[in-house]
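Each remark here refers to the structure printed beneath this line.
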Amino acid sequence: MPPVAPRSGDAIFASVDRVNAELFTLTYGAIVRQLITDLEEVEEVNKQLDQMGYNIGIRLIDEFLAKSNVSRCVDFRETADVIAKVAFKMFLGVTATVTNWDAEGTTCSLVLEDNPLVDFVELPDTCQGLYYCNILSGVIRGALEMVSMKTEVTWIRDMLRGDDAFEMQVKLLKQVPEEYPYKDDE
């Protein structure tokens with residue numbers, strides 16, 4: 001039987017069960033609002049959103065790999081492209097652009113022109129330090145860690161802060177060699 005070809009982001013998005021976009025957006029907004037109320041410090045909210053995203057990412061990668069039929073990426077460039085074109089489309093219904101590569105090929109930017117998490121959102125003056133979509137950086141960090149890539153994800157531009165797009169910088173810190181829990185020889 002021939003190998004199964006990887007599916008495009010559009011094909012996966014069409015076949016995946018979805019929730020109402022407005023419900024999703026408003027629920028996420030309610031979570032962020034509750035975190036602001038509970039934690040009071042915007043920096044603590046940013047950390048909590050990142051940690052929540054990380055916890056989601058370490059689980060979401062299994063669903064992504066199972067439904068997308070994506071094979072192992074050969075390098076970080078291919079990984080970033082798969083995140084931008086397939087993963088974002090599969091889970092958020094949007095695609096991102098991969099830009100700003102460094103010379104070593106270990107740092108790039110993912111630029112989102114459209115972000116469904118921010119529909120209906122305006123940040124008050126008291127929340128100007130808030131990275132409202134910080135959950136996305138945690139998701140990417142957690143998912144990549146599960147495929148042996150230790151990364152750092154930071155926000156460069158944010159439309160809620162007046163920028164023209166959402167831009168995350170993804171930096172590969174190290175490729176972690178896979179460890180197996182047992183040896184076949186024993």
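Atoms CG and CD, from D75 and Q175 in turn, are 9.5 Å apart once rounded to the nearest 0.5 Å. A distance of 9.0 Å separates CG in L49 from CD1 in I31, rounded to the nearest 0.5 Å. The distance from the CE atom of M149 to the CG atom of L173 is 12.0 Å, given to the nearest 0.5 Å. Atom OG1 of T79 and atom CZ of R72 lie 9.0 Å apart (nearest 0.5 Å). Taking CG from N69 and CZ from F64, the interatomic distance works out to 10.0 Å, rounded to the nearest 0.5 Å. Atom OG of S68 is separated from atom NZ of K89 by 15.5 Å, given to the nearest 0.5 angstrom.
Linking Ile, Leu, Val, Met, Phe, Trp and Tyr whenever their side-chain heavy atoms come within less than 4.5 Å leaves V86 and V111 in two separate clusters.
Under a 3.5 Å cut-off, the side chain of R161 and the backbone N or O of L130 do form a donor-acceptor pair.
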Pairs of donor and acceptor atoms involving the side chains of residues 162-172, under 3.5 Å and at least two apart or interchain, shall be tabulated with distances.
from	atom 1	to	atom 2	distance (Å)
D163	OD2	D158	N	2.8
D164	OD1	R157	NH1	2.5
D164	OD2	R157	NH1	3.4
E167	OE1	R157	NE	2.6
E167	OE1	R157	NH2	3.2
E167	OE2	N100	ND2	3.1
E167	OE2	S109	OG	2.7

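Under the ring pair (Phe, Tyr, Trp, His ring centres under 6.0 Å) criterion, Y28 pairs with Y132, not counting sequence neighbours. Residues satisfying the salt bridge (charged side-chain N to carboxylate O under 4.0 Å, His left out) test with E113, not counting sequence neighbours, are none. Remark: T151 pairs with no residue by the side chain to side chain donor-acceptor pair (under 3.5 Å) rule, at least two apart or across chains.
Annotation: side chain of Y131 is not in contact with side chain of D50 (no heavy-atom distance under 4.5 Å).
Taking both residues in full, the closest heavy atoms of V153 and S137 are given as CG1-CB, 3.3 Å, listed atom of the first, atom of the second, then distance. When all heavy atoms of I58 and G142 are compared, the closest pair comes out as CG2-O, 3.4 Å. Closest heavy-atom contact between G129 and V42: C-CG1, 3.3 Å.
Exactly one residue among V139, V98, L144 makes a side-chain contact (heavy atoms from CB on, under 4.5 Å) with I83. That residue is L144. When each of T95, I140, I156 is paired with L110, the side-chain contact (heavy atoms from CB on, under 4.5 Å) condition holds for I140 and for no other.
Applying the side chain to side chain donor-acceptor pair (under 3.5 Å) test to every pair with at least one member in residues 37-49, sequence neighbours left out, gives these pairs: Q34-D38. The stretch residues 68-88 participates, sequence neighbours left out, in these ring pair (Phe, Tyr, Trp, His ring centres under 6.0 Å) pairs: F76-W101.
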